[in-house]
Every structure is written in structure tokens, then in C-alpha cells.
S.K.: 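I'd like to ask you about the structure that follows.
Note that ligands are numbered from 1 as they come in the structure, with each ligand's atoms numbered from 1 the same way.
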Amino acid sequence: MLAELCCKRRPGLWRMLAVAVFVALLGCLRAQELRGHVSIVLLGATGDLAKKYLWQGLFQLYLEEAGKGHNFSFHGTALTATEQGQEVVAKVLESLSCPKDVAPARCAELKDQFQRLSQYRQLKTTEDYAALSKDIEALVQREGLWEAGRIFYFSVPPFAYTDIARSINSSCRPGPGAWLRVVLEKPFGHNHLSAQQLATDLGSFFHEEEMYRVDHYLGKQAVAQILPFRDQNRKALDGLWNRHQVERVEIVMKETVDAEGRTSFYEEYGVIRDVLQNHLTEILTLVAMELPPDISSSEDVLRHKLQVFQALRGLRRGSAVLGQYQAYSEQVRRELDKPAGFLSLTPTFAGILVHLDNLRWEGVPFLLMSGKALDERMGYVRVLFKNRACCAQSEQHWVAEQSACLPRQIIFYIGHGALGSPAVLVSRNLFRPTLPGSWEEVGGPPGLHLFGRPLSDFYAYSPVREQDAYSVLISRIFHGRKDSFITTENLLASWAFWTPLLDSLAHEAPRLYPGGAENGHLLDFEFSGGQLSFSVQQPEQLVPGPGSAPAPSDFQVLRSTYRDRPLVTAWPEELIAKLADDIEAAAMKAVRRSGQFHLALSGGSSPVALFQQLAMGHYAFPWAHTHLWLVDERCVPLWDPESNFQGLQTHLLQHVRLPHYHVHPMPVHLRQRLCAQEDQGAQAYAEEISALVANSTSGPRRRMSLSLPLINRARRVAVLVMGRLKREITLLVSRVGHEPKKWPISGVQPVSGQLVWYMDYEAFLG
Ligand code: BG6
């Protein structure tokens, strides 16, 4: 009979057995110190995740820790009625397995011990939580123990979080001196706003240090090895882990399964929210972060991870390619009772190009890719190094350890795929890595090729004992290793990074793909000039894609007039590309004519995409002959993130080769003062302009701006207007005259130059 059933009917016997187990363990401890009682409450103990991973993870924890002086009780809980829940849990406990090196008889004994310490109870009301708390206290007291802490593992849907959190906080916190840890499973919100809301709700019940948000990819052995590997091989990696040596980084999670049976969740989330915002972003931070001197310090690791988010360049529509397997819409219609014509726009595949604007990674593409219904199940992080070698000797004489002509790569192989197990692979022509003793060198099946090379080209290491991610994470929760979990700040930084892209892709029709091996090269993609695009054209039969939403390519760049001047309208990507092309053409012409080009740029968020486009996609731009001016500037120091110059610096200047004496920030900050009339910054700028181009600026207040007379003397003026919020103002300005009283823009009337309006569809048409 199972322990928890015994327990219910004959509690006295159960307790006696539990005490007996504990006493037996104490015997093993000999002189070791007793470390206190830990209660682990598994909420949702009868659910799928619990059945598949969590009970096994708890058993693993018990095997590892009970002999070290810890005393445990495991409380499986759910809304399920007691008897029914007990039956489910009993079955799960029966199916637990021991590590391979444990003999069957010993395993049976250990399982028996664990079963006796585990029980199921229904947990519904606040009173139930209070009763649980009382029972834990009574157990601790009865057995002469002291309480070390309580872990509550929330394996329940997020909508249940707040009520459970309230009950734990009010009725089930441990007494003074004992810790509380609550473990939460994703999804943690749907976008930045909802994540913030959820974080605020939870924050009213728990302290930050009490919350452990799980990203199970951080428990995958190859992922968990990224930082230790970087740490143990610091010397070898010192000169390698940077933009000078790294060609690109690929972070990939391919799945063969599709979303069938889960479409109610998947329709809400899609692949970016489901795995890129969390799993792949977490991996990216581990690869890209600056390594703290001591990686055992959770605070340092978390702080350095957070810094990565600050360096991430904002994503835009062109940063992504999206796909959807063909059967998806049909599955949604069936599972969610949608009408016959319903077509979903939810992406089930995404490739994303990420850049970091910092000294270490500037210019290195980080490619993130994941999808359902692909040809294989496989996950990896691949750091591919630049190769500048040119070998005179033919390939048959190349020796893996020596040949500089072979590819140089480091791969954290997360699992599945041809190799099957997690591994760390280092090309032999790089260095022989150091790995912890828990990893061993492996050969793999004969003839195996990975990433274009035979496995024998790599130093390959796998864990001596494979562990599933949840077991790894449960152990880390127990040891309070916060760096393996997602802090609130980390979570919100990640959503802040992804939300604008998700918003901009909301109406994008993904490319349809058949699924499995038949995908052929349909989902291959490439990057150029900061943009991603599919490598092959969409074949005819797949074109009538889902949804009636127009894709950018359905529209041409339209030309018309606005305020009697030429108007270019398009979707934002095309509009920016067109404007950048026009500026480049004007620059080339000016340089041919006079040897130099003067470009005055405004700040704020609208031109950011233009700066990025100019930075990444215009290699022929005559930067060496270009002078950059500002159209206006805020009265803040130039290093302030609000400063227009700072935006220009981040998104353009640091990516192009412009002589620094050609860069002319507005002198808003002189003598440690901001825009003081007495400092005559505006006059100084006017003089600088007139020395190099023309003349005149107007007086400063909260900002410093080029004056209308000067703007109107320009050869060309482009006005960029983007976004739905500008619709009202474009309507208004279309009707006002040329008196720049209320709307300075209406006074822009180049005397002999050309004025062109560039508006995206949303600004122009609403
Ligand atoms: C989950 C996603 O987080 O990760 C699933 O919600 C995905 O859609 C799963 O299938 C993949 O995890 P693993 O461990 O099977 O690679």
C-alpha cells in the first residue's frame, strides 16, 4: 500500500515510518550536522508537468540531499479531491527511477523512503493553507527538528497565481528564521505591460528574493555549462570572445512537434512569446554577458546579465522572418471552434537577427531561430569564429588540430539531434578546453558529422550523468542559486526588448510551410544590411497566405503630394529604405559636385530606424566627406539618453567611419550649464555653420534648434512622419497655411531647394 494512503487512514503509522526513515538517515550522517527541516509543497501535483518531471526532480533532490543532513517532507497538492489525487500521485511515485549506478534493490529502498515522506492533500481555501502550515509546524515540533524553510512550486496556470500567492502569504508562511521560496512557471505575461502587472501583483505578496521564476532551458546541462565553460577557459577565450574574432552566434531550438492540442495557448502566444522571449533570450545573455570575476556570486551574474539587455539594439520588422506550418490554421479552427474561413496569423517559426551595441559585440550578428513542425528536434548555441587563413596545402593533408583553414567553432549542444545527448564541442584548431570532472570526453557514433565537420574535428564532452532540466533547477532552488532563475528586472527587460517587435508584427502574414522534411529550403533565411529575409522566393501555391491583412509587399511605394510638395508613402520599412536611398543619392551627388555633403538630422524616436538603415545598409555612403549637424537638441548633457546627439551616436555614429571633426553636436552644455543664454551656444553653432555652410540659428530655451530661415536655405529637406499617432497632426498640418505660428513645420518652405514629405501609411491614411 502506498505511503500517502496509509498516511490518510493511519496517520500514526505513517509518522512512525517517516521518523524511522529519518532516524535511519541520521545514522548515515554520523557526525554531520543536522540542517533542519524543509517542506516542499508541489501545487498542481497531479498535472502533466508534475507527473513528467517535477516528482522525479524532487526524488532526485531527496537522493542528493537527504544524506547530507537535510530532513524533508513533500506535499503534493492540487484542487483534485483527496482520494483521487492520492491515487494519481501514488502512481507517479511508483514510476520514479533512480540513476543508472544505483542497484535495483537499493533503488526500491530509496523509493520507499521517498514515498513515505510524500503525501497528497487537497489545497483549495485559505483555511486549507492554514491547516497545511499547522501540520508542518506540528511535524517539526513532534520530531524535535527546526524549520529551515518552505518551497512552494507553482505548477499551475498563471491565472491561479494571485489567489495562491495571497493564501501562502496570509496563511502558510514559515515562522521567523525560516526561508520561503516560491517557484513560478512561465508564461510570465504576454507583453511588457501584462508582465509588469503580474510582477506587481506577485510583488505585493512576496519579496524579490523569495521568487524563483523558472526558465527550464537554464537547467539544460549544456546551457548551464555556458558560464562555467567561459570561466574555466578564460585564458583561451580571452582573445576570442569578441567582435574581432566571432563571425556570428546562432541560438537555435528546432522542434518536430506541432501545436496540436495546445492551440488555445499557442494562438495567444506564438513562437516568439513561447520560446524566443524566454529560452533563447536567456541563452543569449549567457553568451554575451561580461563574465564576472566570480561566477559563483548570484548577484554578480544577475547584474551582468541585466547589462546585456541595455546593450541590445531595438528590433524592427526587418529583424524577423516568420513562418507558420500549413496545418496550423485548420488545427486552430478545429480546437477553438473558429468559423470555416478563419486563418490565423500566429507564427510557429521565427528567425530573428539581434545586434548588441557594445564594444565586445558590435557588428556581430546573433541569429535566433525556433519553430514547430521542422525537420528535426535539436537545440544548440553555435559560436562561429572568423577565419582569415588561406591554406596552400590541399584538404586531404589538413590535420584537425593544426589546420587554420578548417572552421573554428564552439558549440553548446543542448540535446537531441544526431548526437542525442548534451555536449560541448570545441574545434580542435581552437584549443583543448577544460571542463569539470562531471563531464567526460566522448566519441559519438562513427561517421557522425555535425555542423559540416566530422565529430572527430572537435574536442567533444558530455555529462557523465545526464540530468533533466527540472532536476537541475530543483536542486538550484534548494541551494538558493538565484542566478539560474529570472528576476523581475530581467523579465521586464526581456519583455521591453521583445514587445515593440511583437506589436509591429501583429498583422504580418507568416510564410506558410508544409512541415517536416518537406520544408526543404523554404525557411532558410539570410541577413544583409541589418535585415533578415527568406533565401528563396515563396512558391506560387503558398502565396495565398493566411489572413486578409496586407503584407508590405502588397503595396508599392506611392508617390503623391502633400502641402503641394512631393509625398512618398509606404509601409515603414520601405519608407525608411527609400529615404535612406534618397539621402545616399543626394550625398553622392553633393560630394561629386563640391567634395562634401552636409546632413542635418533631427532626433527623437522617429528617425532611429533611418539611422540604423544608414548605418547598416549603405556601404557606398560617402561618410568620409559628410558633415553631420543636428536640427535640434534638448537642453540636456550630450551623454544623457534623452539627448538627440546620444541617439545619433548609438544608432549611427558608432557604426560608420565619419571623421570626428565632421560631427557637430549642438553646444547645449557649456561651462557646466545647460542652454544658458549667456554662454551663447546658439551663436557659436551659427558661427560654426556659417564657417562651413551657411548661417544663422535661433535663440535657445528648452531646446536649441536650427532656425527656419536656415532650414529654408537647404538644398533638400526631407520630413519623416511615422505612426498612427501622427495621423491627426498630418491632417491638421495639411490644412494650415505657411505661417509658422503654431506649427513650425508649416514654415518649412525651401527657397530654392526641394522639400519632400515621407509618411508611412499609418501617419498618412490612419
Ligand atoms: C516550452 C514551450 O517552454 O518548451 C514548448 O512552451 C516547447 O512549446 C518546449 O515545446 C520545449 O522544451 P524541450 O525541453 O522539450 O526542448
S.K.: Check each atom of ligand 1 against the heavy atoms of Lys186 and keep those under 4.0 Å away; list them by number with element.
M.R.: 1 (C), 2 (C), 3 (O), 6 (O)
S.K.: Quick check: are there more than 12 heavy atoms from other residues, nucleotides or ligands sitting under 6.0 Å from CD of Glu489?
M.R.: no
S.K.: Under a plain distance cut-off of 3.5 Å, with no hydrogens placed, do Gln331 and Thr263 share a side-chain donor-acceptor pair?
M.R.: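 No, because no side-chain N or O of Thr263 sits under 3.5 Å from a partner of the opposite role on Gln331.
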S.K.: Have a look at ligand 1 and work out which part of Arg377, if any, has a heavy atom under 4.0 Å from it: side chain, backbone, both or neither.
M.R.: side chain
S.K.: So is Tyr266 in contact with ligand 1, going by heavy-atom distances below 4.0 Å?
M.R.: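 No, that is not the case, since the closest heavy atom of the residue is not under 4.0 Å from the ligand.
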S.K.: Which of these passes salt bridge (charged side-chain N to carboxylate O under 4.0 Å, His left out) with Glu282: Lys305, Arg213, Lys186?
M.R.: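 Answer to the salt bridge (charged side-chain N to carboxylate O under 4.0 Å, His left out) test with Glu282 among Lys305, Arg213, Lys186: Lys305.
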S.K.: Which of the numbered atoms in ligand 1 are below 4.0 angstrom from a heavy atom of His279?
M.R.: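 Numbered from 1, ligand 1 contributes 1 (C), 3 (O), 4 (O).
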S.K.: Show me which atoms of ligand 1 lie under 4.0 Å from any heavy atom of Lys220.
M.R.: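 Answer, ordered by atom number: 13 (P), 14 (O), 16 (O).
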S.K.: Going by heavy atoms in the side chains, are Trp361 and Phe366 under 4.5 Å from each other?
M.R.: yes
S.K.: Pull out every atom of ligand 1 sitting under 4.0 Å from any heavy atom of Asp274, numbered as shown with elements.
M.R.: 2 (C), 5 (C), 6 (O), 8 (O)
S.K.: For ligand 1, which atoms sit closer than 4.0 Å to a heavy atom of Met253?
M.R.: 11 (C)
S.K.: Name all residues meeting the salt bridge (Lys or Arg N to Asp or Glu O under 4.0 Å) criterion together with Glu268; count only those two or more places apart in sequence or in a different chain, and write none if there are none.
M.R.: none
S.K.: Considering only heavy atoms of Lys372, which atoms of ligand 1 have at least one such atom less than 4.0 Å away?
M.R.: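 Numbered from 1, ligand 1 contributes 5 (C), 7 (C), 8 (O), 10 (O).
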